[in-house]
Amino acid sequence: QVQLVESGGGLVQTGGSLRLSCAASGRTFGTYAMGWFRQGPGKEREFVTAISRNGVSTSYADSVKGRFSISRDNAKNTVYLQMNSLKPEDTAVYYCAAVRTAIATMKKEEYNYWGQGTQVTVSS
């Protein structure tokens, strides 16, 4: 089992940047693929990006390609989400999630563990 804690959210102006972190408990972090999802007001939770357990393979939603970047440090049990050129439509609660598989999956139903989320608000 793994516990996930997100941090780094906040209020930023349009065009600004934020870096989210997700710290995982346990000694098996490197066996999990990791994903970031978000849920805006009145919307369903949607896929943002994911990374394979070895950090080699990544995938992104079309809406964030070229602006967001996912990375991980298995020695620190942490996955990061660098968000640049933020837009008001990026406003949401951002969740990290873990699934014990090698590949980076976009399907939220496949993730077993979730963090509590961190709020990101982009003002216009």
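What's counted below: heavy atoms across the whole structure, side chains too, no hydrogens, waters or symmetry copies. Residues take their numbers from the sequence shown, with the count starting at 1.
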Residues L81, T49; criterion side chain to side chain contact (heavy atoms under 4.5 Å, CB included); working and verdict: CA-CA 9 Å; L81 178 61; T49 180; 3.7 Å; yes
From CG (N74) to OH (Y32), nearest 0.5 Å: 12.5 Å
Cluster overlap Y94 with Y113, hydrophobic side-chain contacts below 4.5 Å: yes
Ring pair (Phe, Tyr, Trp, His ring centres under 6.0 Å) contacts in which one or both residues fall within residues 46-83, not counting sequence neighbours: F37-F47
Partners passing side-chain hydrogen bond (donor to acceptor under 3.5 Å, both in side chains) against T121 (at least two apart in sequence or in another chain): Q119
Which residues share a side-chain hydrogen bond (donor to acceptor under 3.5 Å, both in side chains) with T91, sequence neighbours left out: none
hydrophobic_cluster_shared for F29 and Y111, side chain cutoff 4.5 Å: no
Contacts of D90 that satisfy side-chain hydrogen bond (donor to acceptor under 3.5 Å, both in side chains) - sequence neighbours left out: R38, R67
Selection residues 75-87 - residue pairs positive for salt bridge (Lys or Arg N to Asp or Glu O under 4.0 Å), sequence neighbours left out: none
Partner set under side-chain contact (heavy atoms from CB on, under 4.5 Å) for N112, not counting sequence neighbours: V99
Shortest non-hydrogen separation from V2 to A98 and the atoms involved: CG1-CB, 4.1 Å
Verify same cluster id: I70, V93 (apolar side-chain graph, 4.5 Å): no
Contacts of Q39 that satisfy side-chain contact (heavy atoms from CB on, under 4.5 Å) - sequence neighbours left out: R45, Y95
M34 side, atom CE; S71 side, atom OG - distance, nearest 0.5 Å: 11.5 Å
By salt bridge (charged side-chain N to carboxylate O under 4.0 Å, His left out) - contacts of R72 (at least two apart): none
Please list, one pair per line, the donor and acceptor atoms closer than 3.5 Å that link side chains of residues 100-107 to other protein atoms, with sequence neighbours excluded.
from	atom 1	to	atom 2	distance (Å)
R100	NE	T31	OG1	3.3
T105	OG1	K107	N	3.2
T105	OG1	E110	OE1	2.8

List the atom pairs, donor and acceptor, that lie under 3.5 Å between side-chain atoms in residues 11-27 and the rest of the protein, sequence neighbours left out.
from	atom 1	to	atom 2	distance (Å)
T14	OG1	S123	O	2.8
S17	OG	N84	OD1	2.9
S25	OG	Q3	N	2.9

Residues in side-chain hydrogen bond (donor to acceptor under 3.5 Å, both in side chains) contact with K65, at least two apart in sequence or another chain: D62
